[in-house]
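In the text below, chain A, chain B and the rest are named by the order of the sequence lines, each starting its count at 1.
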Amino acid sequence: MPTSALDREHDVRRILAQYKDRPGPLLEVLHAVQGAFGFIPPEVIGPIAEGLNLSRAEVHGVVTFYHYFRSTPPGRHVLKLCRAESCQAMGADALAAHAEARLGVSLHGSTPDGRFSLEPVYCLGLCACSPAVLLDGEPHGRVTPQRLDALLAQADSGAGGDE
Amino acid sequence: MTTIYVPGDSGARALGAEAVCGAIGREAAARHLDLTVVRNGSRGAYWLEPLVEVEGPHGRLAYGPVRAADVPGLFAAGWLEGGAHRLALGAFESLPWFCGQQRLTFQRVGRTDPCSVADYGANGGYAGLRRALSMDPADIVEQITRSGLRGRGGAAFPTGIKWKTVLGQPPGQKYITCNADEGDSGTFSDRMLMEGDPLSLIEGMSIAGIAVGATQGYIYLRAEYPHAGRTLNRAIAAAYAGGYLGSDVLGSGRRFELEVRLGAGAYICGEETSMLESLEGRRGEVRVRPPLPAVKGLFGCPTVVNNVITLATVPLILARGAEFYAGFGTGKSRGTLPLQLAGNIKRGGLIERAFGLTLRELLYEYGGGSASGRPIRAVQIGGPLGAYVPAAQFDLPIDYEALAASGAMLGHGGIVAFDDTVDMARMARYAMHFCAVESCGKCTPCRIGSTRGVELLDRILAGRGGEHALERLEELCELMLQGSLCGLGGMTPFPVQSALKHFRDDFSAHAQH
Ligand SMILES: Cc1cc2nc3c(=O)[nH]c(=O)nc-3n(C[C@H](O)[C@H](O)[C@H](O)COP(=O)(O)O)c2cc1C
Ligand code: SF4
Ligand code: FES
């Protein structure tokens with residue numbers, strides 16, 4: 001759902017009004033903005049800086065410091081693959097290679113048709129169910145390449161759920 | 001009346017608990033059965049998840065691992081009346097894996113309804129808070145000191161001493177902050193506790209506030225834990241509604257307010273001063289100490305920073321007394337530790353035991369050996385900055401001092417097993433890579449050193465390291481160890497050095513090609 005610049009401006013003003021008087025509000029504002037748009041559009045940095053009495057450089061510096069905040073729109077589905085040790089011990093490297101080959105993108109990338117984004121994460125707290133992934137925010141454990149294919153196909157066809 | 005417990009824990013969800021819950025609802029409706037479904041936390045036996053428990057006149061019986069497709073058969077077998085089925089496990093608390101554990105901090109996790117203050121109160125909750133409200137603040141702090149409780153976030157600093165410093169600061173704005181960043185790979189006890197018994201964390205933070213004179217608390221939660229965030233917010237709302245939080249805690253006239261703040265995917269924000277920067281809405285760059293956070297922390301005010309498990313253990317200490325808690329454990333490691341067993345292991349999960357059991361007991365008696373059936377070659381203890389321990393040292397007891405003496409560290413209590421297919425040179429490269437990705441950039445040995453480390457290890461792995469490559473790697477480790485401002489740069493050498501020390505052949509294997 002493409003959002004017009006006007007809608008965005010309106011949303012940002014609403015978010016700023018909600019958070020600006022709270023202590024240390026910038027991260028909360030950025031979370032709300034990313035929650036609304038799926039990413040932090042570069043053109044909202046200025047209004048956020050103004051609204052919170054910060055410099056644009058400060059806001060930009062915070063956006064780029066944190067891995068979670070993104071400056072470009074994500075694909076329709078976001079697959080986050082755990083790359084950390086417990087998952088490595090259970091085949092996460094092979095799973096990542098499989099995901100890259102199957103989607104035709106590398107980690108940090110999105111498919112040209114905008115259907116999938118592939119991102120590395122470092123531990124999801126699902127280490128007793130390694131290897132683990134998050135697909136559109138839903139956790140999945142003990143993911144084999146076959147299971148990943150099924151999950152991706154399910155997401156692509158619009159069906160939710162598990163098993 | 002029959003109650004069915006289907007864990008809402010993220011780990012159980014990752015193994016299909018939502019689908020199982022849906023199937024139970026459909027089957028119950030088709031059979032016109034009136035069931036109460038409780039979304040409890042996980043018991044921590046992840047190889048049995050989704051683990052469903054049925055509570056009725058016959059007691060509370062467990063079934064697992066249950067798939068959605070098993071549900072009609074379970075109803076047909078009469079599981080509501082304790083009927084026989086191939087997935088039946090009997091009473092969960094009688095399983096040998098469980099009954100040898102000493103669950104103190106995790107006493108309610110997996111048993112109760114996580115966000116119900118009534119269930120919480122009926123199972124020992126709020127006894128600690130009530131007692132604290134009748135005590136002098138200095139006596140509360142004294143109880144915590146005498147219990148021997150040390151910070152479970154990794155540094156193992158005595159909690160009572162930290163609180164005493166904050167209590168000793170002049171009255172005024174002070175804060176209680178909970179470090180729920182749980183960035184260490186192989187660890188998930190904070191997540192399980194927040195999803196399974198969030199009210200114990202909330203109670204612990206209220207007690208801390210009353211003890212040191214703080215009226216505002218923040219839980220700094222990592223963004224990777226959205227489900228824990230939802231559970232915490234529901235529990236906080238329930239605690240406010242019940243009068244356990246707010247301007248007049250339990251009618252005592254004392255105020256304690258609490259909210260959740262989200263991190264944004266930066267490992268370094270688990271370091272306490274970086275966490276405070278992040279809570280203030282800035283880049284999570286590490287602060288130079290002194291001043292200590294206890295003196296000048298959040299927004300420049302005296303601040304308690306404690307891990308989730310540390311704070312969630314506080315109510316029990318107040319309720320049962322310092323001596324009760326200190327009665328568990330060994331040496332200077334008092335009490336219990338919720339250990340997290342992960343990686344290549346048959347029975348991964350959460351095991352809470354008094355300090356002092358050996359790695360071997362944990363890996364083989366609880367863990368059942370590797371998942372692959374191959375020999376366990378090494379374990380990494382204490383997250384991505386923790387040392388690799390070879391099989392020859394599996395008789396080491398799990399306590400802070402014993403592990404430190406052998407060059408390892410217990411950290412947050414996560415233990416990741418690797419079988420004999422692991423290439424330790426690759427794991428060393430990963431340690432450097434992780435440090436490069438997560439460095440806050442403030443000091444050169446960490447920022448530049450880790451990148452050099454990756455390059456050097458890439459050459460070693462490609463067999464192009466040259467004659468003195470391993471010596472250069474050792475020098476680099478020494479430099480990072482000595483010259484880094486915080487533990488990320490300062491401890492990344494631990495996994496690398498331990499790999500070099502115990503598994504040197506893995507590095508030279510690449511050189512021969
Ligand atoms: C790089 C780094 C990462 C850390 N990550 C965490 C973390 O995720 N959670 C945590 O509780 N402590 C973490 N710590 C330890 C904290 O700095 C601090 O010691 C702890 O939160 C204090 O609470 P405790 O005394 O209850 O353990 C980390 C330390 C370092 C150096
Ligand atoms: S050691 Fe690394 S993470 Fe720590 S302060 Fe220095 S640059 Fe930042
Ligand atoms: S290491 Fe992958 S979920 Fe923890």
Side-chain angles (χ1 to χ4, degrees), chain A residues 19 22-32 34-35 52 54 58-70 80 82-93 119-135 137-143 160-163, chain B residues 10-11 13-16 18-20 22 44 46-47 49 67-69 182-188 190-191 223-227 261-267 278-284 299 340-345 348-350 371 380 384 414 416-419 422 427 430 434 437-438 440:
Chain A
Y19 291 103
R22 293 157 59 88
L26 180 54
L27 252 73
E28 291 202 284
V29 167
L30 294 175
H31 271 295
Q34 184 152 310
L52 299 180
L54 299 167
E58 278 174 284
V59 177
H60 178 77
V62 170
V63 172
T64 50
F65 182 85
Y66 293 97
H67 302 302
Y68 182 82
F69 295 131
R70 47 185 310 148
K80 298 189 181 188
C82 177
R83 309 285 294 127
E85 289 91 338
S86 174
C87 290
Q88 287 182 44
M90 292 301 281
D93 287 354
E119 291 175 11
V121 285
Y122 296 95
C123 194
L124 295 163
L126 303 169
C127 332
C129 324
S130 294
V133 309
L134 279 185
L135 179 56
E138 267 306 302
H140 300 278
R142 294 190 204 126
V143 181
D162 197 6
E163 307 287 86
Chain B
S10 303
R13 291 168 73 108
L15 299 171
E18 295 314 288
V20 169
Y46 282 104
W47 78 98
E49 291 287 4
R67 289 170 310 129
E182 196 162 65
D184 286 355
S185 47
T187 72
F188 44 86
D190 294 351
R191 177 188 65 66
E224 292 85 345
Y225 284 179
H227 186 61
R261 289 286 182 100
L262 280 187
Y267 176 76
S278 186
L279 269 176
E280 292 182 14
R282 285 198 289 271
R283 292 162 68 91
F299 302 114
Q340 303 122 84
L341 192 51
N344 196 327
I345 196 84
L350 185 124
Q380 186 179 30
V416 176
F418 295 83
D419 74 8
V422 67
M427 299 318 294
Y430 173 79
F434 182 75
V437 171
E438 298 294 343
C440 86

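Both the backbone and the side chain of B:Val437 have a heavy atom closer than 4.5 Å to some heavy atom of chain A. For chain A, the nearby part of B:Gln380 is the side chain; its heavy atoms alone come within less than 4.5 Å. In this structure, the portion of B:Ala417 lying under 4.5 Å from any heavy atom of chain A is its backbone and not its side chain. Proximity to chain B is limited to the side chain of A:Gln88, based on heavy atoms less than 4.5 angstrom apart. Of the atoms belonging to B:Asp190, not a single heavy atom falls under 4.5 Å from chain A. Residue A:Glu58 does not touch chain B at all, counting heavy-atom pairs closer than 4.5 Å. With a 4.5 angstrom heavy-atom cutoff, A:Glu85 touches chain B via backbone and side-chain atoms both. For B:Thr187, the part lying near chain A is the backbone, with the side chain staying farther off; criterion is any non-hydrogen pair under 4.5 Å.
Put simply, CE on A:Met90 and CG on B:Asp419 are 9.0 Å apart, with the number rounded to the nearest 0.5 Å. Rounding to the nearest 0.5 Å places OH of B:Tyr430 at 8.0 Å from CZ of A:Arg83. One distance of note links SG of A:Cys82 with CD of B:Glu224; it measures 10.0 Å at 0.5 Å rounding. Rounded to the nearest 0.5 angstrom, A:Ser86 OG and B:Ile345 CD1 are separated by 10.0 Å. Summarising the geometry, atom SG belonging to A:Cys127 is positioned 9.5 Å from atom CG belonging to B:Asp184; distances are rounded to the nearest 0.5 Å. Rounding to the nearest 0.5 angstrom, the gap separating the NE2 atom in A:His140 from the OG atom in B:Ser10 is 11.5 Å.
What you find for A:Pro23 and B:Arg261 is that their closest heavy atoms are O-NH2, 3.0 Å. What you find for B:Leu262 and A:Leu27 is that their closest heavy atoms are O-CD2, 3.8 Å. What you find for A:Tyr66 and B:Ala266 is that their closest heavy atoms are CD2-CB, 3.9 Å. When all heavy atoms of A:His31 and B:Ala264 are compared, the pair lying nearest together is NE2-CB, 4.1 Å. Residue B:Gly183 comes nearest to A:Cys123 through the heavy atom pair O-CB, 4.3 Å, listed as atom of the first residue, atom of the second, then distance. Nearest heavy atoms, B:Ala342 versus A:Ala128: CB-N, 4.2 Å.
With sequence neighbours left out, the side chain to side chain donor-acceptor pair (under 3.5 Å) criterion links B:Arg283 to B:Glu285. In this view, A:His67 and B:Glu438 satisfy the side chain to side chain donor-acceptor pair (under 3.5 Å) rule, not counting sequence neighbours.
Of the listed residues A:Cys87, A:Gly137, A:Ala84, A:Gly91, the one with more heavy-atom pairs under 4.5 angstrom with chain B than any other is A:Ala84. Here A:Cys129 is the residue among A:Ser130, A:Pro25, A:Cys129 with the most heavy-atom pairs under 4.5 Å with chain B. Counting heavy-atom pairs under 4.5 Å between each of B:Gly349, B:Gly265, B:Ala371 and chain A puts B:Gly265 at the top.
The six-membered or imidazole ring of A:Tyr122 lies away from that of B:Tyr267, with a centre-to-centre distance of 6.0 Å or more.
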